[in-house]
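Working notes for the structure below.
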Amino acid sequence: MSESSRDNSPQSRLGLVLTGGGARAAYQIGVLRAIAEMLPPHARSPFPVICGTSAGAINAAGLAMGATHFSTGVKRLEAVWSNLHTAHIYRSDLAGVLSNALRFTGSVISRRMAGKPVSLLDNAPLRQLLACHLPFRGIRRSIHAGALHALGITAWGYASEQSVTFYQANPDVIPWKRAQRVGVPSRIGIQHLIASASIPIIFPAVRVNREYFGDGSMRQFAPLSPALHLGADRLLVIGVNEEKEAECARIKVMGYPPPAQIAGHILNSIFVDGLDADLERLRRINQTLSLIPETQIENISILRMIDCMVITPSEKIDELAQAYAKSLPRVIRYFFRAAGAMGPKGSAMLSYVLFEAPFCQALIDLGYRDTLRQRDEVFSFIFGQKE
């Protein structure tokens with residue numbers, strides 16, 4: 001799906017927006033693999049501006065580090081996702097799960113635990129994984145080589161109640177401040193990625209500089225905005241949720257929703273709703289500007305048309321997660337079964353935390369197929385010409 005603009009020249013600056021979604025972000029790797037195959041060998045990244053949120057922030061950083069050789073960067077990320085296991089993201093052993101659960105419960109009933117980082121799951125293994133596979137010095141090299149203009153990583157500040165985009169970019173990019181969202185120049189490191197991917201309640205908040213931060217998708221009312229502030233004038237957005245049907249059937253329910261179903265709706269509201277609203281706003285502005293004559297459009301400096309293409313899953317990821325639920329470690333299966341996540345009503349929550357290779361590989365394959373299915377349109381959008 002794309003929104004046309006008056007400027008689709010190959011010289012324009014293309015931005016890549018990678019949304020959040022926990023394990024669902026594996027879908028983005030399949031899309032990127034298909035795009036890499038459209039490029040000549042050893043080609044640079046076609047995305048001078050890269051922005052990511054939550055798990056999408058990890059993918060964004062990986063691409064930025066390998067921007068001088070796009071296909072190599074994609075292969076590095078694919079190697080991680082296709083060999084991923086739950087234990088690489090959060091502790092899944094019995095001792096780890098029980099101790100963290102007791103600590104979380106204690107924080108609710110005891111004042112002595114107040115002020116200490118607590119969560120349902122311990123994501124310490126994720127920090128080790130990122131340290132092993134992501135060479136952060138590559139970001140600076142990509143910028144100096146001219147292969148990357150800017151990388152933006154968004155997290156949510158619990159104290160300031162602001163959506164903060166930490167960015168590493170060329171010197172000509174200036175900080176910005178809007179309602180509840182700011183851009184802050186930084187040297188991107190592990191702490192920014194961990195903070196951006198810290199799903200509330202599930203993973204603990206992370207201190208960056210003077211404040212604790214959580215998942216960047218929280219209250220991210222304008223997820224497309226950081227890429228535009230960083231200099232992009234066209235956007236390729238890779239979502240991790242299938243397009244909703246125009247009308248949803250109203251059905252009669254017989255029982256109270258399990259905790260996992262409620263949690264699934266909360267996670268969907270965090271990761272999905274902001275993007276949908278921002279895309280609708282972008283289309284509305286584009287449509288309004290298209291009605292203004294060319295002779296008068298230059299007088300409107302605060303608005304501009306943005307060419308945008310969105311790639312989203314063609315299948316329901318919730319249902320796909322159900323097929324791979326048994327690949328989770330036994331302890332985690334018991335933990336999630338108690339919350340109702342192993343049944344059909346809890347599949348939405350399950351799809352965000354199912355960090356297992358079979359499920360991730362299925363998502364990679366789905367993203368790859370979805371992109372090849374619209375290969376001509378994707379190629380034309382990225383390169384401004386037919387293949």
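Nothing here was measured: the structure is a model prediction, and the numbers come from that model. The residues of the chain are indexed from 1 along the displayed sequence.
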Which atom pairs, donor and acceptor, lie under 3.5 Å between side-chain atoms of residues 171-194 and protein residues at least two apart or in another chain?
{"unit_1": "R181", "atom_1": "NH1", "unit_2": "S225", "atom_2": "OG", "d": "2.7"}
{"unit_1": "S186", "atom_1": "OG", "unit_2": "V184", "atom_2": "O", "d": "3.3"}
{"unit_1": "H192", "atom_1": "ND1", "unit_2": "G189", "atom_2": "N", "d": "3.0"}

Handout entry: Residue among D307, L228, V310, L14 satisfying side-chain contact (heavy atoms from CB on, under 4.5 Å) with L235
Key = L228
Exercise for the section: Mind jotting down which residue pairs meet the salt bridge (charged side-chain N to carboxylate O under 4.0 Å, His left out) criterion with at least one end in residues 132-141? Sequence neighbours excluded, please. Expected result: none
Problem - Qualifying residue for side-chain contact (heavy atoms from CB on, under 4.5 Å) with L32, from I364, T371, L16 - result: L16
Completion exercise
One should read off an interatomic distance between L129 CG and L134 CG, to the nearest 0.5 angstrom, of 7.5 Å
Practice task
Could you tell me which residues satisfy side chain to side chain donor-acceptor pair (under 3.5 Å) with H149, sequence neighbours excluded, listed by chain and number?
Solution key: R13, N170
Handout entry: Donor-acceptor contact below 3.5 Å, side chain T86 vs main chain E356
Key = no
Practice task
Indicate yes or no for a side-chain donor-acceptor contact from N123 to the backbone of F203 under 3.5 Å, with no hydrogens or angles considered.
Solution key: no
Could you pull out all donor-acceptor pairs under 3.5 Å where a side-chain atom in residues 59-68 meets a protein atom, sequence neighbours excluded?
{"unit_1": "N59", "atom_1": "OD1", "unit_2": "W81", "atom_2": "NE1", "d": "2.9"}
{"unit_1": "N59", "atom_1": "ND2", "unit_2": "A25", "atom_2": "O", "d": "3.3"}
{"unit_1": "N59", "atom_1": "ND2", "unit_2": "Q28", "atom_2": "OE1", "d": "2.8"}

Enumerate, atom names and distances included, each donor-acceptor pair closer than 3.5 Å involving a side-chain atom of residues 159-167, sequence neighbours excluded.
{"unit_1": "S160", "atom_1": "OG", "unit_2": "Q162", "atom_2": "N", "d": "3.4"}
{"unit_1": "S160", "atom_1": "OG", "unit_2": "E211", "atom_2": "OE1", "d": "3.3"}
{"unit_1": "S160", "atom_1": "OG", "unit_2": "E211", "atom_2": "OE2", "d": "2.8"}
{"unit_1": "T165", "atom_1": "OG1", "unit_2": "T154", "atom_2": "OG1", "d": "2.9"}

Handout entry: Under 3.5 Å donor-acceptor, S380 side chain and D376 backbone
Key = no
Problem - Flag, side chain of Y324 to backbone of A362, donor-acceptor distance under 3.5 Å - result: no
Practice task
Could you name each residue pair satisfying salt bridge (charged side-chain N to carboxylate O under 4.0 Å, His left out) that touches residues 66-79, not counting sequence neighbours?
Solution key: R33-E78
